[in-house]
Number of protein chains: 2
Amino acid sequence: MAQTNPPFMSGVPELLLLRLLEQKEMYGYELVRSIRKVTGEAISLGEGVIYPALHGLERNGALKSRRKAVAGRTRVYYGLTAKGRKRLAKLADDWRRVQGGIESALGAPAHA
Amino acid sequence: MAQTNPPFMSGVPELLLLRLLEQKEMYGYELVRSIRKVTGEAISLGEGVIYPALHGLERNGALKSRRKAVAGRTRVYYGLTAKGRKRLAKLADDWRRVQGGIESALGAPAHA
DNA sequence: TCATATACCTCGAAGTTCAAGGTATCTTGG
DNA sequence: CCAAGATACCTTGAACTTCGAGGTATATGA
């Protein structure tokens, strides 16, 4: 759907990127495919989102990167910094709060 | 926190408004307080969000309104239309999809 | 009278996501 | 050799939503 500001997606790319990079270093193209995979095809992000997000996170100090030549191509691997870990923890907290609140609202009236 | 575009909040006001109004007619100020209550204080929305959202939903045909004088004040009660019910169902679906995907991503690496 | 509660309204700033467009190299099949 | 597709990175403008802050008005209580 051609919607520039879809509901429920704000903050999601950043959260997922940090989560994946918490596990291991990965490069952009790999992240695009992994996000689709770890979310069970529920969430799919285009490169137009991923790369600016990666750049922004690096600028903020949450990620560090290094270039690596593989089979004639250049890959930019990203890894989490200590600051990035803190940012991830914060985002996960925010997510839990919002998600919990919405579950209460969606579920509660059925119980009340 | 003074952030105009906080993570995970896009689409949330609309979803919560529709959900509450699915149960019964309510007026703006009442909705502001109810959202805080049904989300267990997890989510708090200001009037600057609620009123434009209500107006927008009415303009889209998802809500209908009527004015009612109560103790010298005017209250604007809103209620869901058939179109609004469809919109709610769609939003709930979208929420489930995104939420499920994120849970997979946040939880999966711990299991894998 | 003044402060607070109730009730509605408006607005500009800020930031994110999106699709689309682009660059470049490698691989494979015709 | 050439074209198509895959791999990998990059950029951009449009669209939209949430937010805080400001405003109006009336009623109530000290």
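No experiment lies behind these values; they were computed from the predicted model shown. The basis for the numbers below is simple: all heavy atoms, side chains too, and nothing from hydrogens, waters or symmetry mates. Below, read A as the first sequence line, B as the second, and so on, with proteins coming before strands; counting in each chain starts at 1.
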Whole-Å distance, A:Ile50 CD1 to D:dT11 P, equals 15 Å
A:Tyr29 atom OH is separated from D:dA6 atom C1', nearest whole Å, by 6 Å
From CG of B:Leu91 across to C1' of D:dT17 the rounded distance in Å is 13 Å
In whole angstroms, the gap separating P of D:dC10 from CG of A:Leu57 amounts to 14 Å
* To do: Check whether any side-chain N or O of A:His55 sits under 4.0 Å from OP1 or OP2 of D:dC9, and answer yes or no.
  => no
Q.
Please determine whether the number of non-hydrogen atoms from other residues, nucleotides or ligands lying under 6.0 Å from atom CZ of A:Arg97 exceeds 12.
A. yes
When rounded to whole Å, the CZ to P distance for the pair B:Arg59 and C:dC9 reads 13 Å
From OH of A:Tyr78 across to C1' of D:dA8 the rounded distance in Å is 11 Å
Q.
Counting the atoms with a prime plus P, OP1 and OP2 as sugar-phosphate, which does A:Pro7 contact under 4.0 Å by heavy atoms, base, sugar-phosphate, or nothing?
A. nothing
Judged by nearest nucleotide, the residue sitting upstream toward the 5' end of DNA chain D, B:Gly46 or B:Ala71, is B:Gly46
Taken to the nearest 0.5 Å, the spacing of A:Arg75 CZ from A:Glu30 CD works out to 7.0 Å
Which of D:dT17, C:dA13, C:dC26 is nearest the side chain of A:Asn5? It is D:dT17
- Query: Looking for any heavy atom pair under 4.0 Å, which part of the strands does A:Gly48 touch: base, sugar-phosphate only, or nothing?
  - Reply: base
The reported gap from CE in A:Met9 to OG in B:Ser10 (rounded to nearest 0.5 angstrom) is 8.5 Å
From the candidates C:dA7, D:dC19, D:dC16, the one with an atom nearest any side-chain atom of B:Tyr27 is C:dA7
d(B:Leu18 CG, B:Leu54 CG) to nearest 0.5 Å is 9.5 Å
From CZ of B:Arg33 across to C1' of C:dA5 the rounded distance in Å is 10 Å
Out of D:dT12, C:dC9, C:dA7, minimum distance to the side chain of A:Pro52 belongs to D:dT12
Using a 4.0 Å heavy-atom cut-off across all strands, classify A:Ala53 as base, sugar-phosphate, or nothing. nothing
Picking from C:dC26, D:dC10, C:dC8, the nucleotide nearest the side-chain atoms of A:Glu47 would be D:dC10
Separation of C:dA5 atom P from B:Glu30 atom CD, nearest Å, is 18 Å
Winner on side-chain proximity to B:Arg75, out of D:dT18, C:dC8, D:dT7, is C:dC8
Open item on the list: Need one value for B:Val76: base, sugar-phosphate or nothing, where a base atom within 4.0 Å counts as base even if backbone is also close, heavy atoms only.
Closed with: sugar-phosphate
One should read off an interatomic distance between B:Trp95 CH2 and B:Leu16 CG, to the nearest 0.5 angstrom, of 9.5 Å
With a cut-off of less than 4.0 Å, is there a side-chain N or O of A:Tyr51 near OP1 or OP2 of D:dC9? yes
Ranking D:dA8, D:dT18, C:dA7 by distance to the side chain of B:Met9, first place goes to D:dT18
Whichever of A:Leu45 and B:Val49 has the more 5' nearest nucleotide on DNA chain C, that residue is B:Val49
**Message:** Assess, by modelled atom type and distance only, whether the side chains of B:Arg67 and B:Thr74 contain a donor and an acceptor separated by less than 3.5 Å.
**Reply:** no
